[in-house]
Chemist: 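Just passing along the structure, written as structure tokens.
Nothing here was measured: the structure is a model prediction, and the numbers come from that model.
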Amino acid sequence: MKIFPLSLIALALSSSMAFAAPDLILKNGDIVTVTSEQDRAQAIAIKDGKIVAVGSTKDVLKQKGKNTEVRDLEGKTVTPGFIDAHGHFANYIPLANSLFVYPSPMGTSDSVGDIQNELQRHFSQPGLNKDILHIAFGYDDSVLAEKRHPNIQEMDKVTGDFSVCMMHVSGHLGVCNTAGMTQIGYTTASENPSGGIIHKDSNGELTGLIEESATYALFPHLTVGSQEEALANFQKAQDLFASYGVTTAQEGLATASTLGLIKSMADTGALKIDVLAYAKWVDFETILENMKLGEYNNGLKLAGMKVTGDGSPQGKTAFLSTPYFEVPHSHSYHYHGYPVLNQDEMDHYVDLAFQHNAQLISHANGDAAADLLLNAVEKANAKYGERDHRTTTIHAQTMRLDQIKRMRDAGMMASYFPAHTFFWGDYHRDSVLGPWRASNISPMGWAEEFGLTYTIHMDAPVAFPDQMLNMWTAVNRVTRSGETLGEHHKITPYQALEAVTKTAAYQNFEEIEKGTIEVGKRADLVVLAQNPLNVEPLEIKDIKVLETIKDGKTVFEYAG
């Protein structure tokens with residue numbers, strides 16, 4: 001372990017920093033700077049939201065002025081603020097007051113009966129509006145006792161006169177009651193939209209299940225009633241992310257209306273953490289008319305474009321190159337999912353992003369979807385010349401080894417969702433992918449071996465934006481049943497910490513100002529009860545976030 005001497009740090013101080021006393025000094029800490037695996041410090045000095053000194057307590061205290069606040073960390077661990085490498089921050093705004101029907105351990109809805117009980121309880125409350133579509137979120141057929149989706153009749157039985165749709169935990173499927181299907185415009189005569197399915201039984205009757213682009217009919221109903229309600233829900237969302245140590249969040253699929261809502265919050269100064277928004281591909285050019293690409297405005301930045309290439313492996317809608325291990329009963333034996341965009345469409349939107357020099361992030365769970373993206377990026381590279389675009393494959397669950405090498409050679413990155421190993425690892429092994437392919441989901445070992453830069457994320461609200469759990473899953477790859485899934489793809493605790501700090505800042509083109517604890521960088525910090533590099537790997541998920549500091553100001557303190 002190496003403790004920074006202040007004399008080395010001081011060389012980097014600007015003249016203005018050097019003669020201005022800090023606002024705050026944090027001393028006597030176990031500070032993991034993430035500048036290298038061995039580097040540690042004991043104290044940090046902060047002035048005007050920036051780090052102005054890092055080193056030993058003795059040396060940093062020499063910077064103290066008469067008005068400097070000095071806080072004793074008493075040995076607690078400090079790391080850079082966590083960066084949400086992929087998630088959907090804005091989804092929490094309309095969902096903040098909705099019913100969540102997560103299974104264990106995030107909730108208690110472990111059977112269809114449990115879900116019905118939750119729905120019945122929720123819709124028995126007085127004063128609920130019967131004129132709107134109500135959205136519940138988080139059911140997961142893969143772990144329900146019945147191992148299937150709820151159906152329209154089961155929804156109707158407990159939802160009374162309300163129009164209700166319940167979103168799958170993946171966000172790629174949903175189940176509605178009869179009134180809900182009517183509200184979003186689906187009848188027995190409705191045809192499947194391109195890239196989606198409205199499920200019907202053998203008699204042509206609606207089952208209530210919709211998937212992929214068929215769920216887009218729900219999105220206009222994800223609204224809030226008033227500006228006051230929007231602001232209150234917005235604050236709840238920020239508080240949630242901050243409670244997990246997140247100082248930079250992502251809205252990874254921003255429609256024009258969604259971005260307008262976040263921008264209205266930012267314009268009033270309501271943001272206390274940073275939010276990077278990636279415009280939905282079909283809204284990208286419209287959004288560009290109203291927002292400048294790549295610049296912060298009161299904590300909000302339009303960072304680029306998002307494309308969705310396919311669906312969800314746990315929902316069996318991801319686009320694979322070979323069939324699912326167990327094919328859903330409604331499909332033929334060779335079913336291997338389907339794309340949201342075909343190759344021509346993918347080529348068009350990747351070219352559009354490159355044309356505007358906008359960073360592109362693209363959802364690709366299945367390896368066949370990843371092929372579509374890779375083909376398009378390679379074409380764009382040939383057309384525009386290779387440049388530092390950092391196109392990021394989101395999730396990249398089933399990337400093959402040859403694709404890892406192609407991504408590296410094309411200047412791309414991957415952002416993995418290793419929590420799949422815990423939440424759905426057993427299901428992937430036994431039903432979705434089979435043992436070999438399941439052991440290679442989130443192939444971080446291959447990325448390490450062949451030099452592909454990567455981050456890790458929780459895809460909130462698919463899972464809570466819990467970065468300690470995120471790191472824990474990447475380090476241990478333990479399934480719900482306690483088995484290890486893909487020993488060869490485990491990463492070290494330090495590599496996991498890098499992936500949610502230093503490398504995540506790099507993914508966002510923000511490595512100059514975020515991601516490590518260094519002089520001149522923004523004072524985005526997390527105070528932890530224990531050091532994730534020192535505890536037993538299986539204990540990482542239990543480490544509490546005690547405080548989150550954004551630009552030198554505390555935005556969360558643990559009250560327990």
Chemist: I want to check something: taking the side chain as every heavy atom from C-beta on, are D388 and F509 in contact at a cut-off of under 4.5 Å?
Modeler: yes
Chemist: Ring of F423, cation from R480 - is the NZ or CZ under 6.0 Å from the centre and inside 45° of the axis?
Modeler: no
Chemist: Is there a side chain to side chain contact (heavy atoms under 4.5 Å, CB included) between T68 and Q63 once you walk through the steps?
Modeler: CA-CA 9 Å; T68 301; Q63 304 288 307; over 6 Å; no
Chemist: Starting from the C-alpha separation in whole Å, work towards a yes-or-no answer on side chain to side chain contact (heavy atoms under 4.5 Å, CB included) for T33 and V54.
Modeler: CA-CA 9 Å; T33 62; V54 183; 4.2 Å; yes
Chemist: Should E511 and K521 count as an ion pair when the cut-off is N to O under 4.0 Å?
Modeler: no
Chemist: Any side chain to side chain donor-acceptor pair (under 3.5 Å) pairs touching residues 496-507, not counting sequence neighbours?
Modeler: T455-Q507
Chemist: I'd like to know whether the aromatic ring centres of Y92 and F234 sit less than 6.0 Å apart in this structure.
Modeler: no
Chemist: Which pairs, with at least one residue in residues 529-546 and sequence neighbours excluded, count as a salt bridge (Lys or Arg N to Asp or Glu O under 4.0 Å)?
Modeler: none
Chemist: Checking side-chain polar atoms at under 3.5 Å, does D72 have a donor or acceptor matched by the opposite partner on N28?
Modeler: yes
Chemist: How long is the gap from CG on L538 to CD1 on I540, to the nearest 0.5 Å?
Modeler: 8.5 Å
Chemist: Of all the heavy-atom pairs spanning I135 and S98, show the shortest one and how long it is.
Modeler: O-CB, 3.2 Å
Chemist: For K553, is the NZ atom crowded, meaning more than 12 foreign heavy atoms sit under 6.0 Å from it?
Modeler: no
Chemist: Would you say the side chains of Y454 and Q495 form a donor-acceptor pair under 3.5 Å?
Modeler: no
Chemist: How close do S109 and V101 get, counting heavy atoms only, and between which atoms?
Modeler: CB-O, 3.5 Å
Chemist: In the structure I gave you, are the side-chain heavy atoms of V78 and I44 within less than 4.5 Å of one another anywhere?
Modeler: yes
Chemist: R477 and F422: side chain to side chain contact (heavy atoms under 4.5 Å, CB included), yes or no, with the steps?
Modeler: CA-CA 7 Å; R477 295 182 67 99; F422 173 73; over 6 Å; no
Chemist: Between E547 and R71, is there a side-chain N and carboxylate O pair less than 4.0 Å apart?
Modeler: yes
Chemist: For T484 versus E487, what's the shortest heavy-atom pair and its separation?
Modeler: CG2-OE1, 3.5 Å
Chemist: Does this structure show an ion pair linking D551 with K50, if we count only N-O contacts that are shorter than 4.0 Å?
Modeler: no
Chemist: Take atom NZ of K263 as the centre, draw a 6.0 Å sphere, and report whether it contains more than 12 heavy atoms from other residues, nucleotides or ligands.
Modeler: no
Chemist: Please determine if K236 and D239 form a salt bridge, counting it only when a charged side-chain N lies under 4.0 Å from a carboxylate O.
Modeler: no
Chemist: Strictly below 4.0 Å, N to O, side chains only: are D426 and R429 in salt-bridge contact?
Modeler: yes
Chemist: Would you please test H356 and F284 for ring pair (Phe, Tyr, Trp, His ring centres under 6.0 Å) and show each step?
Modeler: CA-CA 10 Å; H356 286 276; F284 177 68; 5.5 Å; yes
Chemist: Would D267 and N297 count as a side-chain hydrogen bond (donor to acceptor under 3.5 Å, both in side chains) if you check the C-alpha gap in whole Å, the side-chain angles of each, and the deciding distance to 0.1 Å?
Modeler: CA-CA 8 Å; D267 289 343; N297 174 35; 3.2 Å; yes
Chemist: Salt bridge check: are E69 and K64 linked by an N-O gap of less than 4.0 Å?
Modeler: no
Chemist: Quick check: closest heavy atoms across V545 and F556, and the distance to 0.1 Å?
Modeler: O-CE2, 3.5 Å
Chemist: Between N470 and Y244, is there a side-chain heavy-atom distance shorter than 4.5 Å?
Modeler: no
Chemist: If you compare all heavy atoms of S442 against all heavy atoms of Y416, which two are closest, and at what distance to 0.1 Å?
Modeler: CA-CD2, 3.7 Å
Chemist: Which pair of non-hydrogen atoms, one from N531 and one from D30, has the smallest distance, and what is that distance?
Modeler: ND2-OD2, 2.9 Å
Chemist: Among side-chain atoms of N440 and H488, is any donor-acceptor pair under 3.5 angstrom?
Modeler: yes
Chemist: Got a second to check how far H88's NE2 is from D459's CG, nearest 0.5 Å?
Modeler: 4.5 Å
Chemist: Let me confirm one number: the CG-CD distance from N365 to Q314, rounded to the nearest 0.5 Å.
Modeler: 7.0 Å
Chemist: From the options Q359, Q250, H86, select the one residue that forms a side chain to side chain donor-acceptor pair (under 3.5 Å) with Y278.
Modeler: Q359
Chemist: So T79 and L525, do their side chains get closer than 4.5 Å, heavy atoms only?
Modeler: no
Chemist: With side-chain hydrogen bond (donor to acceptor under 3.5 Å, both in side chains) as the test, would you mind laying out the steps for H395 and H457 before giving the verdict?
Modeler: CA-CA 8 Å; H395 308 323; H457 63 260; 2.9 Å; yes
